Participant: 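Sharing a structure, written as structure tokens. Questions coming.
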Amino acid sequence: MKIFNTMSREKEEFLPMKEGEVRIYVCGPTVYNFIHVGNARPLCVFDTLRRYMTWRGNDVMYVSNVTDIDDRLIAAANEQGTTVKALAQQYEKEYLTDSDGLNVLRPSVMPRATEHMQDIIALIRDIVARGYGYVAENGDVYFRARKFSEYGKLSHLVLDDLENSRELSASLDGGLKEDGADFAVWKAAKPGEPAWESPWGAGRPGWHIECSAMAKKHLGATFDIHAGGQDLIFPHHENEIAQSECANGQTFARYWMHNGFLNIDDKKMSKSLGNFFTVRQVAEKMGYEAIRYFMLSAHYRTPLNFSMDILEQCKASLARLYTCRENLVFALEKAKDAGETMLAARVQEARDRFCEKMDDDLNTADALAVLFDLVREINTLAAGSTKQVLADTLEEFDILCDVLGLLYEKQEEEVPAEVTQLVAQRAEARQTKNWARADEIRDALDALGYTVEDTAAGPKVVKK
RNA sequence: GGUGCCGUUGCCAAGUGGUAAGGCCCGGGUCUGCAAAACCCGUAUUCGGCAGUUCAAAUCUGCCCGGCACCUCCA
């Protein structure tokens, strides 16, 4: 499989450290509010990566954290007159509701920053011991960015350019830092803020160090893939690299993957622009699955423009997949042992092309096109195929959809006896060409939430 | 100022040297009692513009136009 590595800015052949085992870390949300639709992109994209790699026979260790202590949480808790802990717990729950709704598999491990204080402190201790960290007079601990000669290797930013970019230097942290490029790994406690004891006094960790520590704890000092949104490249991931590599003396993540941004009306989504949507809001209107489909409809590194209209289109596309599956199930019910077997070859071809596309830096848009080509083949060939071929096709179709995490809202319930009876009565009415009666029954079925379609093989009942 | 990204049919979106995938929408047809679903046909001589390289360019080079993002805690 080829993966575009942000570090090299090239597609590289992906080779895990250990054959058959893939270790991935994806930066999770800060749980201070409902997640927004932009947050859903890395969730869906990297979940799909995980599903694909697992399907291809890898044992995937997938770690995605929850940031449950940070400035925004503290601010939100103060505003709402609650505690950081209570707020974080509440929104972690909401986050999981959304992530489940998007059919995102739960991570192998979902570490919380507040539960890793000892790991964080140990890492900072190493940083300080190796001379990369220093304690400011107020108890903050800073990282000496300039001392790490490779600083900027991920973002390809040059420190001196950064310095010139804004008047950041002394303005930040009131001259506590030795250098404008330095960043906090530990922040001394301020009144009313949650704090943990440390060798440098009471305080809390900086944002970047949390991920460094949690990744190390659960994946080791070096692991395969680190992923997140493009905006995290700098400073978050750059700083993670600096901290981790200086403390551990070895490569941090071997491949870096970053998803493109989600825009609204071609503008970055932001509260101030008034184009801010939470996943929950959109899901209530359009359903979660349309959001997931939308995220996979374009390549993960390109910018994606969001609108309700586009989501409607996604729903229509999904409907084609669902209908195809219904047709396939129906054909299977009616199938005989004898018949055509050509479909089997088409399925095999689709599977191969699907893998080819996914192997090419997770080209989900092309993978979907392959799936739709298969849909056409199924719709054309299903009626005459053998029972065995149809059973195999259904299994394979479900697998491919599941690799993308789609078609998870299948209706598997039995059709109620009442409906079956009505369908039979309607068949009788049609026999005697009593069209009025037939239409009446169809309306009745409609009211019960079922659609009946007359096919060459008999009536097909579908729950709406 | 520095670093990147993007501009393909009405809409979404692949394709990155070999003559424009796929989905949605739309029009016509087949099937159907009607419908639905499905299938078939039709929908970009053209890929922001202009030059250039090449037998061949949406794909490479240059310039220009338009849009977006990052540059210390936003996925």
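The model shown is predicted, which means the values in this text are computed figures rather than measured ones. Labels below follow one simple rule: chain letters A, B, ... track the order of the sequence lines, proteins then strands, and each chain is numbered from 1.
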Participant: Salt bridge or not for A/Arg430 and A/Asp454, using N-O below 4.0 Å?
Facilitator: yes
Participant: Rounded to whole angstrom, note down the C1' distance from B/rU19 over to B/rU8.
Facilitator: 16 Å
Participant: Taking side-chain hydrogen bond (donor to acceptor under 3.5 Å, both in side chains) as the definition, give me every residue that meets it alongside A/Asp98, ordered by chain and number, with sequence neighbours left out.
Facilitator: A/Arg280, A/Tyr288
Participant: Which whole-number value in Å describes the distance from A/Lys2 NZ to B/rU16 P?
Facilitator: 13 Å
Participant: Could you give the distance separating B/rA56 and B/rC60 at their C1' atoms, to the nearest angstrom?
Facilitator: 12 Å
Participant: By nearest atom, which of the nucleotides B/rU72, B/rC34, B/rC74 is closest to the A/Asn239 side chain?
Facilitator: B/rU72
Participant: Test of understanding: with ring pair (Phe, Tyr, Trp, His ring centres under 6.0 Å), list the residues that count as partners of A/Phe277, not counting sequence neighbours.
Facilitator: A/Phe306
Participant: Mind checking who B/rC47 pairs with, Watson-Crick or G-U wobble, both distances under 3.5 Å?
Facilitator: none
Participant: Could you work out which one of B/rA13, B/rA75, B/rG33 sits closest to the side chain of A/Ala298?
Facilitator: B/rA13
Participant: Using purine N1 to pyrimidine N3 plus N6-O4 or O6-N4 for Watson-Crick, or N1-O2 and O6-N3 for G-U wobble, both under 3.5 Å, which nucleotide pairs with B/rC70?
Facilitator: B/rG2
Participant: Mind checking the C1' distance from B/rG42 to B/rC63? Whole angstroms is fine.
Facilitator: 40 Å
Participant: May A/Phe372 be described as stacking on the base of B/rG22, applying a 5.5 Å centroid limit and a 30° limit on plane angle?
Facilitator: no
Participant: Using purine N1 to pyrimidine N3 plus N6-O4 or O6-N4 for Watson-Crick, or N1-O2 and O6-N3 for G-U wobble, each under 3.5 Å, what pairs with B/rG42?
Facilitator: B/rC26
Participant: For B/rA35, does OP1 or OP2 lie under 4.0 Å from any side-chain N or O of A/Arg426?
Facilitator: no
Participant: Looking just at side-chain N and O atoms, do A/Glu240 and A/Ser212 make a donor-acceptor pair shorter than 3.5 Å?
Facilitator: no
Participant: When the distance from NE2 of A/His237 to P of B/rA75 is rounded to whole Å, what number comes out?
Facilitator: 10 Å
Participant: Indicate, yes or no, whether a donor-acceptor pair under 3.5 Å links the base of B/rA75 to the side chain of A/His36.
Facilitator: yes
Participant: For A/Lys190, which residues count as a side chain to side chain contact (heavy atoms under 4.5 Å, CB included) partner, sequence neighbours excluded?
Facilitator: A/Glu193
Participant: Could you pull out all residues at least two apart from A/Thr48 that satisfy side-chain hydrogen bond (donor to acceptor under 3.5 Å, both in side chains)?
Facilitator: A/Arg292
Participant: Output all residues satisfying side-chain hydrogen bond (donor to acceptor under 3.5 Å, both in side chains) with A/Asn78, sequence neighbours left out; order by chain, then residue number.
Facilitator: none
Participant: Which whole number of Å gives the distance between the P atom of B/rC31 and that of B/rC47?
Facilitator: 41 Å
Participant: If you assign each of A/Cys27 and A/Asn263 to its closest nucleotide in RNA chain B, which residue comes earlier from the 5' end?
Facilitator: A/Asn263
Participant: Please measure how far the P atom in B/rG48 lies from the corresponding atom in B/rA13, and state the result in whole Å.
Facilitator: 14 Å
Participant: Over all strands shown, is A/Thr302 touching base, sugar-phosphate only, or nothing at heavy-atom distances under 4.0 angstrom?
Facilitator: sugar-phosphate
Participant: Output a table of donor-acceptor pairs, distance under 3.5 Å, between side-chain atoms of residues 397-408 of chain A and any protein atom two or more places apart or on a different chain; print 'none' if there are none.
Facilitator:
from: A/Asp398; atom 1: OD1; to: A/Arg325; atom 2: NE; distance (Å): 2.7
from: A/Asp398; atom 1: OD2; to: A/Arg325; atom 2: NE; distance (Å): 3.4
from: A/Asp398; atom 1: OD2; to: A/Arg325; atom 2: NH2; distance (Å): 2.8
from: A/Asp402; atom 1: OD1; to: A/Arg51; atom 2: NH1; distance (Å): 3.4
from: A/Tyr408; atom 1: OH; to: A/Gly101; atom 2: O; distance (Å): 2.7
from: A/Tyr408; atom 1: OH; to: A/Glu289; atom 2: N; distance (Å): 3.4

Participant: Under a 3.5 Å cutoff, is there a donor and acceptor pairing between the side chains of A/Thr432 and A/Glu428?
Facilitator: no
Participant: Between B/rC71 and B/rG52, how far apart are the C1' atoms? Round to whole Å, please.
Facilitator: 35 Å
Participant: Restricting to ring pair (Phe, Tyr, Trp, His ring centres under 6.0 Å), what partner residues turn up for A/His116, sequence neighbours left out?
Facilitator: A/His218
Participant: For A/Phe261 and B/rU3, give me the distance from atom CZ to atom C1', rounded to whole Å.
Facilitator: 15 Å
Participant: Pick base, sugar-phosphate or nothing for A/Asp454, based on heavy-atom distances below 4.0 Å to the nucleic acid.
Facilitator: base
Participant: Any strand counts, and the cut-off is 3.5 Å on both contacts for Watson-Crick or G-U wobble. Which nucleotide pairs with B/rC60?
Facilitator: B/rG52
Participant: Judged by modelled atom types alone, do A/Asp68 and A/Tyr32 share a side-chain donor-acceptor pair under 3.5 Å?
Facilitator: no
Participant: B/rA21 pairs with which nucleotide, Watson-Crick or G-U wobble, both distances below 3.5 Å?
Facilitator: none
Participant: When the distance from NE2 of A/His156 to P of B/rU72 is rounded to whole Å, what number comes out?
Facilitator: 18 Å
Participant: Under 3.5 Å, which protein N or O atoms sit close to an N or O of nucleotides 40-44 of chain B? Give each pair with its distance.
Facilitator:
from: B/rC40; atom 1: OP2; to: A/Arg376; atom 2: NE; distance (Å): 3.2

Participant: Has A/Asn327 got a side-chain N or O lying under 4.0 Å from the OP1 or OP2 atom of B/rA37?
Facilitator: no
Participant: What does A/Arg301 touch in the nucleic acid at a heavy-atom separation under 4.0 angstrom: a base, only the sugar-phosphate, or nothing?
Facilitator: nothing
Participant: Does anything in residues 310-321 of chain A come within less than 4.0 Å of RNA chain B? Heavy atoms only, and list the residues if so.
Facilitator: A/Ile310, A/Gln313, A/Ala316, A/Ser317, A/Arg320
Participant: Identify whether any heavy atom of A/Leu262 sits under 4.0 Å from a base atom; if not, whether one sits that close to sugar-phosphate; answer base, sugar-phosphate or nothing.
Facilitator: base
Participant: To the nearest Å, give me how far apart OH (A/Tyr300) and P (B/rC6) are.
Facilitator: 13 Å
Participant: Rounding to an integer number of Å, can you tell me how far A/Glu453 CD sits from B/rC34 C1'?
Facilitator: 14 Å
Participant: Which one, B/rC12, B/rG33, B/rG4, comes nearest to the side chain of A/Arg9?
Facilitator: B/rG4
Participant: Using the side chain to side chain contact (heavy atoms under 4.5 Å, CB included) criterion, which residues pair with A/Pro303? Sequence neighbours excluded.
Facilitator: A/Asn263
Participant: Could you tell me which residues satisfy ring pair (Phe, Tyr, Trp, His ring centres under 6.0 Å) with A/Tyr91, sequence neighbours excluded, listed by chain and number?
Facilitator: A/Phe34
Participant: Could you check how far NE2 of A/His299 sits from C1' of B/rU16, rounded to whole Å?
Facilitator: 13 Å
Participant: Of the nucleotides B/rA75, B/rC34, B/rA21, which has the atom closest to the A/Asp439 side chain?
Facilitator: B/rC34
Participant: Please work out if A/Asp231 contacts a base, only the sugar-phosphate, or nothing of the nucleic acid, heavy-atom cut-off 4.0 Å.
Facilitator: base
Participant: For nucleotides B/rC34 and B/rG49, find the distance between their P atoms and express it as a whole number of Å.
Facilitator: 48 Å
Participant: Does any donor atom in the side chain of A/Lys460 or A/Asn327 lie under 3.5 Å from an acceptor atom in the other side chain?
Facilitator: yes
Participant: With a 6.0 Å cut-off on the ring centroids, do A/Phe46 and A/Tyr62 count as close?
Facilitator: no
Participant: If you take any heavy atom closer than 4.0 Å to RNA chain B, which residues from residues 349-365 of chain A end up in contact?
Facilitator: A/Asn363, A/Ala365
Participant: With a non-hydrogen cut-off below 4.0 angstrom, is A/Gly38 in contact with a base, only sugar-phosphate, or nothing?
Facilitator: base
Participant: Which value, in whole Å, describes the distance between the P atoms of nucleotides B/rC6 and B/rG62?
Facilitator: 15 Å
Participant: Heavy atoms under 4.0 Å, any strand shown: does A/Asp309 hit a base, just sugar-phosphate, or nothing?
Facilitator: nothing
Participant: Under 4.0 Å: is that the gap between some side-chain N or O of A/Arg442 and OP1 or OP2 of B/rA35?
Facilitator: no
